[in-house]
Amino acid sequence: MTQLHVSGEGHPAPATRTGSAPARPRVLDAYCCQGGAGMGWHLAGFDVTGVDKDPQPRYPFTFIQGDAIEYIRAHGHEYDLIAGSPPCQYYTLCQRIQGREHPALIAPTRQAMQATGRPWIIENVPEAAPELRDPLTLCGASFGLHTYRHRLFEASFPLPVQPHPEHLHPTVKMGRPLSPGDWYHAVGHFSNVPYVRRDMGVRWMSRDGISECIPPVYSEFIGRAFLARTELEVAA
C-alpha cells in the first residue's frame, strides 16, 4: 500500500499534536473518496486517516491507497472508530437497469470491522437498506442543507436520533440551472457547483466527488455523539 499525505483545496491538513497535548481519537475513513465523511469526523474531534483503492488527491487528511477491507483486517484494531462507505453502485437502480455489475461489499466490510473488536459504522444509500441492520436515516433537511440526500447508517453502537422533517421543498429537475437557495439533487452533471459546494460544506471537492459524498454534517453529528457517549478524550 502507498501512503500519501495530502491537503485538499481550501482545507489545511490537520495540525500535528506536540508536547503534552492529548492525542485526538483516531478514526479510519474507509472507502474515503474525496473526504465528505472524513471532514465530518475531523470537525467532531477525530484524527482522520482515509483509505481508498483509487488515488484521492483532493482528500484533506492522511491518505492510504489500498484495498479498504484488507486494510481494515490488518490495521483496523489500531483505531478508536472504523467508518466505511462501501461503493453503492451495486445497490442503485440505474446501474441495474444498465446491466452493470458491481461487487456487494457491505457484508464483507462488516465482517472485517467486527473482527477488529473496535466500534464501527457503515454508511450507504437507501437502496441498500435490505443489506443493513436497523439503520439510521439522516436527511439534509434536518441539518439546514438545501438537499435531502438520504443516507443510511448501521453501527455497532447506539446512534443518535435526529428528527426527520417533512419534505416540503421542490427540487430543481436534473439538467436545469441551479440558483443560490434552490433545493437540488447533486448527482451527475449538476450545475452551479460553487453553490452546492458552499451549501454542502465541501468546498475542496470536484463535481464527481460531490455526486458521491456524505455531507460532512452527517458524520460530524454522529461523531460528536459517539465521543460524548464513550468519553474519549479530545484535545481542545
Side-chain angles (χ1 to χ4, degrees), residues 8-11 29 31-44 58 60 83 85-98 106 121-132 134-155 158-226:
E9 297 176 7
H11 289 281
D29 181 21
Y31 309 99
C32 64
C33 294
Q34 293 184 14
M39 181 56 68
W41 300 124
H42 169 68
L43 294 172
R58 292 177 180 261
S85 300
C88 64
Q89 288 90 343
Y90 175 85
Y91 307 100
T92 56
L93 178 61
C94 66
Q95 297 292 327
R96 294 197 299 271
I97 291 174
Q98 295 174 16
I106 288 178
I121 183 166
I122 294 174
E123 173 275 341
N124 224 279
V125 295
E127 291 85 352
E131 303 293 325
L132 297 170
D134 193 24
L136 166 74
T137 298
L138 292 183
C139 172
S142 300
F143 298 96
L145 305 184
H146 289 80
T147 184
Y148 294 116
R149 184 157 285 207
H150 289 176
R151 291 294 183 267
L152 274 55
F153 296 83
E154 173 195 337
L159 291 170
V161 176
Q162 177 76 342
H164 191 165
E166 186 179 356
H167 292 192
L168 301 175
H169 302 277
T171 56
V172 174
K173 293 182 178 180
M174 292 295 297
R176 302 284 179 85
L178 277 179
S179 299
D182 285 344
W183 285 68
Y184 56 87
H185 293 293
V187 296
H189 296 287
F190 62 90
S191 66
N192 203 342
V193 173
Y195 162 56
V196 175
R197 281 177 175 149
R198 293 192 302 271
D199 188 68
M200 206 177 288
V202 291
R203 292 175 183 265
W204 70 97
M205 284 193 181
S206 68
R207 178 190 279 115
D208 288 344
I210 295 171
S211 293
E212 299 180 356
C213 81
I214 303 169
V217 69
Y218 293 9
S219 48
E220 181 182 3
F221 170 70
I222 293 172
R224 289 186 183 277
F226 174 82

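Heads up: numbering here begins at 1 and tracks the sequence.
You'll find the ring centres of H164 and H150 inside the 6.0 Å limit.
Take Y31 and apply the side-chain hydrogen bond (donor to acceptor under 3.5 Å, both in side chains) test, not counting sequence neighbours, and it matches T109.
P163 and S142 make their closest contact through O-OG, 2.7 Å (heavy atoms, listed as atom of the first residue, atom of the second, distance). The shortest non-hydrogen separation linking G35 to P60 is CA-CD, 4.4 Å. In plain terms, the two heavy atoms of Y184 and T147 that are nearest each other are O-OG1, 2.9 Å. Of all non-hydrogen atoms in S219 and G36, the two that sit nearest each other are OG-O, 4.1 Å. Closest approach of A186 to M200, counting heavy atoms only: CB-CE, 4.1 Å. Residues N124 and P86 come closest through the heavy atom pair ND2-O, 2.9 Å.
Looking at heavy atoms from C-beta onward, M174 lies in side-chain contact with V187 at the 4.5 angstrom threshold. Side-chain contact check for F153 versus L132: every heavy-atom pair is 4.5 Å or farther apart. Under the 4.5 Å side-chain criterion, counting only non-hydrogen atoms from C-beta, N192 is in contact with P180. Taking 4.5 Å as the limit, some side-chain heavy atom of V125 sits within range of a side-chain heavy atom of R151. In this structure, P126 and L152 have side chains that are in contact, with non-hydrogen atoms separated by less than 4.5 Å. Two residues are said to be in side-chain contact when any heavy atoms from C-beta on lie closer than 4.5 Å; M205 and R58 fail this criterion. When side chains are defined from C-beta on, E123 does not count as touching Y218, because their heavy atoms never get closer than 4.5 Å. Contact check for F190 versus I210: side-chain heavy atoms found under the 4.5 Å cut-off.
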Full working for side-chain contact (heavy atoms from CB on, under 4.5 Å) between Q162 and L138
CA-CA 7 Å; Q162 177 76 342; L138 292 183; 3.9 Å; yes
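Here the straight-line distance linking atom CG of L43 with atom CD of E220 works out to 4.5 Å at 0.5 Å rounding. Taken to the nearest 0.5 Å, the NE2 atom of H146 stands 12.5 Å off from the OG1 atom of T171. With rounding to the nearest 0.5 angstrom, the SG atom of C32 is 12.0 Å from the CE atom of M39.
The backbone N or O of C33 sits nowhere less than 3.5 Å from a side-chain atom of E212 that would complete a donor-acceptor pair. Put simply, the side chain of W204 gets close to the backbone of Q34: a donor and an acceptor are under 3.5 Å apart. Checked by atom type and distance alone, the side chain of Y148 never pairs as donor or acceptor with a backbone atom of W183 at under 3.5 Å. With S179 contributing its side chain and D182 its backbone, the two residues share no donor-acceptor pair below 3.5 Å.
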